[in-house]
Amino acid sequence: MNWNFEIGGIYYEQYLVKNVQGIMTLYLSRKLRFDDVFFEQYKKSFDLDENLNIKILEIGCGSGALAESLHRWYPNAQITAIDRDSNFISFAKENITGIEFREGDATQLPFSDHSFDLTPDAPKYSAQNVLVAHASETDE
């Protein structure tokens, strides 16, 4: 599903935060999605050595839960995370350390080409997708 759609002029995730759940609730639900119990499955998807010195950019980081997990999983990586919502960026800066959080738009990235080694696709790496991939691997 494409999570980048608008409802009444605001993006879906911003709509949820304003009308359904607060940023902390969103953060906690995402933190569960990217819990360390799933690291081995994510590691297979990312196909990266966790000891590499790499640069990771997360676009549309929301409350910062994936970036926070990436920071734990890849301790030598330099992680930058952007989101167009200043409330998300403020929350992330106040609650998560070791990551550069910046306000920015995916359509106008403030970085030169080839500045990063990895840009993960957060919806693709949901816990449900990882569990399905893990289940299919164990069925073989």
Walk me through it: do Arg72 and Phe39 pass the test side-chain contact (heavy atoms from CB on, under 4.5 Å)? CA-CA 10 Å; Arg72 279 193 320 277; Phe39 174 58; over 6 Å; no
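- The distance from the CZ atom of Arg30 to the OG atom of Ser69 is 12.5 Å, given to the nearest 0.5 Å.
- Checked by atom type and distance alone, the side chain of Ser90 never pairs as donor or acceptor with a backbone atom of Asn87 at under 3.5 Å.
- Of all non-hydrogen atoms in Leu57 and Ile82, the two that sit nearest each other are CD1-CG2, 4.3 Å.
- Considering NZ of Lys31 and CG of Asp36, their distance stands at 8.5 Å, rounded to 0.5 Å.
- Atom NZ of residue Lys93 and atom CD of residue Glu100 lie 8.5 Å apart, to the nearest 0.5 angstrom.
- Ile96 places a side-chain heavy atom less than 4.5 Å from the side chain of Tyr27.
- Using a 4.5 Å heavy-atom cutoff, the side chains of Ile59 and Phe116 are not in contact.
- Rounded to the nearest 0.5 Å, atoms CG (Leu48) and CG (Leu118) are 5.5 Å apart.
- Scanning both residues, Thr80 and Arg102, for their nearest heavy atoms gives CG2-CD, 4.2 Å.
- Aromatic rings from Phe88 and Phe101 are positioned such that their centres are separated by 6.0 Å or more.
- Closest of all the heavy-atom pairs between Lys43 and Tyr74 is CA-OH, 4.0 Å.
- With contacts defined as side-chain heavy-atom distances shorter than 4.5 Å, the pair Leu28/Ser63 does not qualify.
- Side chain of Asp83 to backbone of Ile89: no donor-acceptor contact under 3.5 angstrom is found.
- Using cut-offs of 30° and 60° on the angle between ring planes, the pair Phe34 and Tyr42 is tilted.
- Under a 3.5 Å cut-off, the side chain of Asp117 and the backbone N or O of Lys55 do form a donor-acceptor pair.
- Of the possible donor and acceptor atoms, one in the side chain of Asn76 sits under 3.5 Å from a partner among the backbone N and O of Asn51.
- Rounding to the nearest 0.5 angstrom, the gap separating the CD atom in Glu68 from the CD atom in Glu58 is 11.0 Å.
- Put simply, the side chain of Pro120 reaches to within 4.5 Å of the side chain of Ile56, judged on heavy atoms.
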